[in-house]
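As structure tokens, the structure follows; a few thoughts come after it.
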Amino acid sequence: MLEVVPTLAKAPDGYSVLDIAPMCGALGAEVSGVDLSKSLSNEVFADIQKALHDYQVIFFRDQDITPDQQKDFGRLFGSLNVHPVYEPLPGHPEILQVVKEADALNNIGDTWHSDATFLECPPMGSILYAKEIPPFGGDTLFANLQLAYEMLSDGMRRMLNGMQAVHSDAFLTQVNSERNATRSTKLRDGALETKEVLHPVIRTHPETGRKCLFINEPFTARFEGMTEKESRPLLDYLLAHIKSPEFTCRFRWQKGSLAFWDNRCTHHYALNDYHGHRREMHRVTVNGDRPH
Ligand SMILES: O=C(O)CCC(=O)C(=O)O
Ligand SMILES: [Fe+2]
């Protein structure tokens with residue numbers, strides 16, 4: 001039974017040039033009327049930014065862009081991140097090639113997560129462009145961490161406000177080195193130095209002021225000042241809460257689709273349900289600020 005009225009996505013209002021079609025109550029909208037291979041007018045840029053604030057993840061269809069054009073689009077929102085662990089697209093250090101070959105078993109991103117929260121300043125967003133899509137499957141799911149926060153009880157929110165969590169990249173080094181043989185995107189040579197950073201458990205969005213539940217299954221090790229064993233039950237509860245279907249949307253890709261998620265207030269999950277088929281995506285990641 002609901003005790004709080006969820007803040008669901010609203011009908012689009014106040015856009016000057018683009019058409020915005022909300023996908024689900026929780027988050028996600030398709031944006032049409034823009035060709036991302038061209039330079040964007042101030043009005044188009046403002047509409048895209050507003051759509052990202054209003055819907056947390058936005059989708060574009062039928063785009064035909066080069067790696068340089070994808071980078072130019074990303075740079076409108078901030079400097080670009082070079083992934084510390086994965087091999088980039090040859091000749092483009094700022095583009096992560098998210099590939100699963102037809103004979104590979106494992107993909108990247110098949111846990112609910114946000115990208116790279118082991119960094120002191122995790123990415124503000126990621127821009128994923130579909131180069132090759134399997135005939136079926138390979139959808140990506142997204143979850144709204146603001147809604148997840150708002151749907152916690154007053155008591156739980158009071159307790160979590162002011163708490164910090166320890167994030168670390170230990171997961172990437174462990175799991176991915178085990179899996180390297182059976183997936184396609186490779187780790188860079190050389191061991192990664194594992195280090196820990198602290199982030200607030202309740203994060204305030206720097207542009208909209210909305211609060212969200214900022215913990216991350218692969219990278220959040222424990223709460224600050226608590227052991228892993230003590231942290232586990234509460235972490236598990238909150239991570240399961242985030243996965244509620246009511247907080248999610250699901251995107252069906254086509255070649256030329258592009259997704260842009262606000263990595264500060266969403267999780268995503270890449271379904272690995274297309275064995276025997278190749279899938280290739282290009283990801284540009286925009287640097288973010290220090291969570292507060
Ligand atoms: O391939 C996907 O749909 C998403 C993979 C992922 O987690 C990412 O690119 O950050
Ligand atoms: Fe990801």
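It should be emphasised that the depicted structure is a prediction, and the values quoted were computed from it without experimental measurement. Order of appearance sets the numbers: ligands from 1, and atoms from 1 within every ligand.
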Would [X] and [Y] pass as an ion pair if we require N to O under 4.0 Å?
X: D289; Y: R203; result: yes
X: D47; Y: K50; result: no
X: K255; Y: E132; result: no
X: R278; Y: E280; result: yes
X: K211; Y: E150; result: no

Roughly, to 10 degrees, what angle do H113 atom NE2 and H268 atom NE2 form around the Fe ion (ligand 2)?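 For NE2 of H113 and NE2 of H268, the angle centred on the Fe ion (ligand 2) reads 90°.
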With heavy atoms of [X] as the reference, note each atom of ligand 1 found under 4.0 Å away.
X: V98; answer: 1 (O), 9 (O)
X: A270; answer: 1 (O), 2 (C), 3 (O), 4 (C), 5 (C)
X: D115; answer: 10 (O)
X: G109; answer: 7 (O)
X: H113; answer: 7 (O)

For L128, which part has a heavy atom under 4.0 Å from ligand 1: side chain, backbone, both, or neither?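 Side chain only; the backbone of L128 stays clear of ligand 1.
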W261 and ligand 1 - part of the residue with a heavy-atom distance under 4.0 Å: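 The side chain, only.
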Taking the non-hydrogen atoms of F142, is any one of them nearer than 4.0 angstrom to ligand 1?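 It does not, in that no heavy atom of F142 comes within the 4.0 Å cut-off of ligand 1.
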What residue and atom, counting heavy atoms only, is the protein's closest point to atom 3 (O) of ligand 1, and at what distance?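 Going by distance alone, atom 3 (O) of ligand 1 is nearest to T140 OG1, 2.6 Å.
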Shortest protein heavy-atom distance from atom 8 (C) of ligand 1, along with the residue and atom involved: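 The protein heavy atom lying closest is R283 NH1, 3.3 Å.
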Please verify the inter-ring angle class for H167 with H199; under 30° counts as parallel, over 60° as perpendicular, anything in between as tilted.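 Aromatic pair H167/H199 classed perpendicular.
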Which one of W261, W112, F251, F247 satisfies the ring-ring contact (aromatic ring centres under 6.0 Å, His included) criterion with Y269?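 Considering W261, W112, F251, F247, a ring-ring contact (aromatic ring centres under 6.0 Å, His included) with Y269 is found only for W112.
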Picking from F59, Y55, F77, Y129, what satisfies ring-ring contact (aromatic ring centres under 6.0 Å, His included) with F260?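 Of the listed options, the one satisfying the test is F77.
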NZ or CZ of R157 within 45° of Y149 ring axis and under 6.0 Å: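 So R157 does make the cation-pi contact.
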To which of M281, H268, R279 does the heavy atom nearest atom 1 (O) of ligand 1 belong?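 Selected option, by shortest heavy-atom distance: R279.
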Given V99, I108, T111, which one has a non-hydrogen atom that is nearest to atom 5 (C) of ligand 1?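 Among V99, I108, T111, the closest heavy atom to atom 5 (C) of ligand 1 comes from I108.
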Considering only N, O or S atoms, which atom of D115 is nearest to the Fe ion (ligand 2)?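 Looking only at N, O and S atoms of D115, the one nearest the Fe ion (ligand 2) is named OD1.
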